[in-house]
Every structure is written in structure tokens, then in C-alpha cells.
Amino acid sequence: MSTPVVHVALTDTPRTARELLLALGLRHLAVVDPSTGAVVGLVSDRELAEPRASRHLGSRPRTVAEFVRRCAPIVRPEVDTLTAVECMLDADADALIVADRSRVPLGIVTGHDLARVLARIHHDPRGG
């Protein structure tokens, strides 16, 4: 799991989110409701690379809310690795959010994180 979780608000611009991803070398950001701090989904470099992410909507700039994946799986910290993998597969997702009971984001688990776990198990099958 990548921690601390890096997030943007629904009201942020795609440009702000893209700059944050680039500056930190990340591919995913949690998206939170600015009024509650609760996670509502994920946004990735792929959504933000869409041409429409760079254009205005009429006279106002677009917001992250237009690009957020609200179907991203959200799990609690005590969920085991296998359940996390199953959640990602069921949602056809490449990442999931770990959040507390109030949906405050604690971290993001990506396919890359899970590959790291698999490699560790492969090198030490007794529990690595």
C-alpha cells in the first residue's frame, strides 16, 4: 500500500491533479469530497491524459469530479491481500483505496503493489 495517501478534491482542476501526479511520480490519486474529507473514488494519469481534461467546459474550467472513477473499490485496513485482489478483479480495477470507517483515505493499493507481494512470497514461500 502506498502511504501516506495523496489526494485531490472533487473541486480541483485536472491540471492540478496532473501536476501532482507528475511531481510525485504517481499514477493514481484518491479523490475526496472537500466538505467531508471522505474518499469518493480514484483518478489516474490515464483519465487526466484525455484531451477533454485540458479544455474548459463553457466559461469554466473542468473539475476532477468529471473524471473520477467512483466505482473504484474501497476496503478497510484489516482486509487481507487475497480479498483485496478479489475486490480489484471483481471491479476490473487496477487500484483500490484503503479507508477508515469514515472513508478517510489511508492508502492506495495498486497492481504493482500486489506484484511486489507475489514476488516476496515467491522468494520466501514460508511467509516472506
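Computed over heavy atoms, backbone and side chain alike; hydrogens, waters and symmetry mates excluded.
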According to side-chain hydrogen bond (donor to acceptor under 3.5 Å, both in side chains), who are the partners of [X], at least two apart in sequence or on a separate chain?
X     : answer
Asp92 : none
Glu50 : Arg52
Thr11 : none
Thr36 : none

Considering residues at least two apart in sequence or located in another chain, which fulfil the side chain to side chain contact (heavy atoms under 4.5 Å, CB included) criterion with [X]?
X     : answer
Asp90 : none
Leu82 : Asp80, Glu86
Ala91 : Pro73, Ala93

Going by atom type alone, with no hydrogens or angles, which donor-acceptor pairs under 3.5 Å involve a side-chain atom of residues 17-32 and a protein atom two or more places apart or on another chain?
residue	atom	partner	partner atom	Å
Arg18	NH1	Leu48	O	3.1
Glu19	OE2	Arg15	NE	2.9
His28	NE2	Asp94	OD1	3.4
His28	NE2	Asp94	OD2	3.3

Rounded to the nearest 0.5 Å, what separation is found between the [atom1] atom of [X] and the [atom2] atom of [Y]?
X      : Y      : atom1 : atom2 : result
Leu42  : Glu47  : CG    : CD    : 8.5 Å
Leu96  : Leu89  : CG    : CG    : 10.5 Å
Leu118 : Asp113 : CG    : CG    : 13.0 Å

query: With no hydrogens and no angle check, is any side-chain donor or acceptor of Ser44 less than 3.5 Å from a backbone partner on Arg46?
result: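 Side chain of Ser44 to backbone of Arg46: a pair is present.
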
Expected output: side-chain Arg103 to main-chain Val39 donor-acceptor under 3.5 Å: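 A pair under 3.5 Å: yes.
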
message: Counting C-beta onward and ignoring hydrogens, is there a side-chain heavy-atom pair between Leu10 and Thr63 closer than 4.5 Å?
response: no

task: Among residues two or more places apart or on two chains, list those pairs meeting salt bridge (charged side-chain N to carboxylate O under 4.0 Å, His left out) that have a residue in residues 30-44.
output: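 Not a single pair qualifies under salt bridge (charged side-chain N to carboxylate O under 4.0 Å, His left out).
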
query: Do you know which two heavy atoms are closest between Leu106 and Ala99, and how far apart they sit?
result: CD1-C, 4.0 Å

- prompt: Does Val75 share a hydrophobic cluster with Met88, counting links as ILVMFWY side-chain heavy atoms below 4.5 Å and allowing steps through other members?
  reply: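 Cluster IDs for Val75 and Met88 match.
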
query: Are Phe67 and Val6 connected in the hydrophobic side-chain network, where two residues link if heavy atoms are under 4.5 Å apart?
result: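 Yes, Phe67 connects to Val6 through the hydrophobic network.
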
